[in-house]
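Okay, structure first, notes after.
Below, each value reflects all heavy atoms present in this structure, side chains not excepted, and no hydrogens, waters or symmetry copies. Counting convention: from 1, in listed order, for ligands and their atoms alike.
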Amino acid sequence: MIKVDVQQIKQRFGIIGNNPALNRAIDVALQVAPTDLSVLITGESGVGKETFPQIIHQNSPRKHAQYIAVNCGAIPEGTIDSELFGHEKGSFTGALSERKGYFEVADGGTIFLDEVGELPTPTQARLLRVLETGEFIRVGSSKVLKTNVRIVAATNVNLVQAVGQGKFREDLFYRLSTVPIQIPPLRDRGEDIFLLFRKFAGDCAEKYRMPSIRLDEEARQLLLSYRWPGNVRELKNITERISVIEENRDITADVLRVYLPDLNMEKYPVLVKQDAEQKIFNSEREILYQVLFDMKKDVNELKKLVHDIMGGKMPMAVADETSYSHSIHTPHPVHPVPSIQEAEAVEEEETLSLEEVEKEMIRKALEKHNGRRKNAAADLKISERTLYRKIKEYNLE
Ligand SMILES: Nc1ncnc2c1ncn2[C@@H]1O[C@H](COP(=O)(O)OP(=O)(O)OP(=O)(O)O)[C@@H](O)[C@H]1O
Ligand SMILES: [Mg+2]
């Protein structure tokens, strides 16, 4: 009976695999769904935590009310309280009108607090209060409001350790983890990996209308023994990459090995690292060249525009950058002068291309770190919050 339910859930939510620990996790989610108990989903990055709060919400009496997913790591510290609990008009600069927070909006429903370990300490205190009493206060108000929200939280960091380090409130940890659900890492799921590989390879083949890739026996063994630090997300990325790049659809262990960064790192630590960095450096340099080239184009267009507006009265001495250093008297080739509309179009194109460059750099960094945002953010020298924002903005998930 229960087994059928778990299978149904897997089908409905697109969960692949038959590993007992995974089945058990789904089963616990189903058992706890009809209650109001807080659930804490733990597991390494990329194991598939994100569907669990939805399974719980959809199988609870709250399913017709709001489900709100909040990425605690992506909201700036300065606004997180206002986002979660709302604010009154004028409570801070820029608070032009009152705003309801998620806890008010999701009354009767479920809030998924993703990356809950990232919550700032003052917010942890507010959260504990709303969990214990259902009471909260909007920022800038003194009126106590009531709500009835079910919390499912997730984290890929060790919260017990965070408690030990004083970064996470112990009382909140116990309150959140009334029912803990642990999602096993991919390396512990045995043969599930072949099912997942076949699914991702098949999806990719269908999408690009080509035959699916297949692994030979040795490659299968490699897939099975690899550590998969980025778990299912990493397997998905790698399967897609191989599907698109390799012409020969029969994948050997030698071919597969090239795509497993962690393995290469262990085997040839210095060589591979240099190689990988060199590659990144090269592509970053290319991007920079492109930016400089675009900027130059922009400046030239602007010069021409100014020249046009001045009715051709301004000497175009610097219009052609190649002649700039040696003579201001040399006659210059006549460029077609763009109209205002054309200039605007150029400007729009430039903004677009800068966005593209940024997007590309973020995409590259994420790829380099198998989707591990923390490392990618460090590489890009931006905060994790900014990276989250950008990923959302550019739809890079
Ligand atoms: N069992 C599975 N079957 C099919 N796809 C899966 C499975 N597990 C994970 N995935 C896919 O792997 C990717 C990563 O999963 P998800 O985003 O849930 O990871 P996560 O545990 O939330 O990781 P993080 O801690 O980094 O946020 C998603 O594209 C998800 O659809
Ligand atoms: Mg996640």
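Residue Ile16 places at least one N or O, backbone or side chain, under 3.5 Å from an N or O of ligand 1. Some N or O of Gly46 is nearer than 3.5 Å to an N or O of ligand 1, by distance alone. At a 3.5 angstrom cut-off on N or O pairs, Gly48 counts as close to ligand 1. Below 3.5 Å of separation, one finds no N or O of Thr51 facing any N or O of ligand 1.
For ligand 1, the atoms lying closer than 4.0 Å to a non-hydrogen atom of Leu196 are 2 (C), 3 (N), 4 (C). Atom numbering of ligand 1 starts at 1 in the shown order; those under 4.0 Å from a heavy atom of Ser45 are 23 (O), 24 (P), 25 (O), 26 (O). Numbered from 1 in the order shown, with element, the atoms of ligand 1 that lie under 4.0 Å from a heavy atom of Ile15 read 1 (N), 3 (N).
No donor-acceptor distance shorter than 3.5 angstrom exists from the side chain of Asp36 to the backbone of Arg150, with no hydrogens or angles considered. Arg372 places a side-chain N or O within 3.5 Å of a backbone atom of His369 that can act as its donor or acceptor partner.
For the residue pair Asn375 and Lys368, no side-chain donor N or O sits within less than 3.5 Å of a side-chain acceptor on the partner. With hydrogens and angles left out, the side-chain atoms of Arg62 and Asn148 include a donor and acceptor closer than 3.5 Å. The closest side-chain donor-acceptor pair between Ser82 and Arg99, if any, does not fall under 3.5 angstrom.
Look at Gly14 and you'll find a heavy atom under 4.0 Å from some atom of ligand 1.
Enclosure of atom CD in Gln165 by more than 12 non-hydrogen atoms of other residues, nucleotides or ligands within 6.0 angstrom is indicated. Within 6.0 Å of atom CD in Glu170, 12 or fewer heavy atoms from other residues, nucleotides or ligands are found, so the atom counts as exposed in its surroundings.
Around the Mg ion (ligand 2), protein N, O or S atoms at less than 2.8 Å number 1.
A salt bridge is absent between Lys146 and Asp107: the closest approach of a Lys/Arg side-chain nitrogen to an acidic carboxylate oxygen does not fall below 4.0 angstrom. Electrostatic pairing of Glu240 and Lys207 does not count as a salt bridge here, judged by no charged N lying under 4.0 Å from a carboxylate O. Between Arg220 and Glu217, at least one side-chain nitrogen of the basic residue sits less than 4.0 Å from a carboxylate oxygen of the acidic one, meeting the salt-bridge criterion.
By the 6.0 Å and 45° rule, Arg373 does not stack over the aromatic ring of Tyr388.
With a 4.0 Å cut-off on non-hydrogen atoms, Lys236 touches ligand 1 through its side chain and not its backbone. Residue Asn156 touches ligand 1 through its side chain alone, judged by heavy-atom distances below 4.0 Å.
Here the rule is side-chain contact (heavy atoms from CB on, under 4.5 Å) with Phe173, and of Thr155, Val116, Val160, Leu128 only Val160 fits it.
Using a 4.0 Å threshold on non-hydrogen atoms, atom 20 (P) of ligand 1 counts as touching the protein. Of the protein's heavy atoms, at least one falls inside 4.0 Å of atom 9 (C) of ligand 1. Protein non-hydrogen atoms do not reach within 4.0 Å of atom 28 (C) of ligand 1.
A heavy-atom distance below 4.5 Å is found between the side chains of Tyr67 and Pro53.
The nearest heavy-atom contact from the protein to atom 12 (O) of ligand 1 is Val232 CG1, 3.6 Å. Closest protein heavy atom to atom 5 (N) of ligand 1: Phe200 CZ, 3.9 Å. Summary of contacts: the protein heavy atom closest to atom 22 (O) of ligand 1 is Glu50 OE1, 3.1 Å. In this structure, the protein non-hydrogen atom closest to atom 17 (O) of ligand 1 is Arg233 NH2, 3.4 Å.
The ring-ring contact (aromatic ring centres under 6.0 Å, His included) contacts involving residues 142-168 comprise nothing, where partners must be two or more places apart or lie in separate chains.
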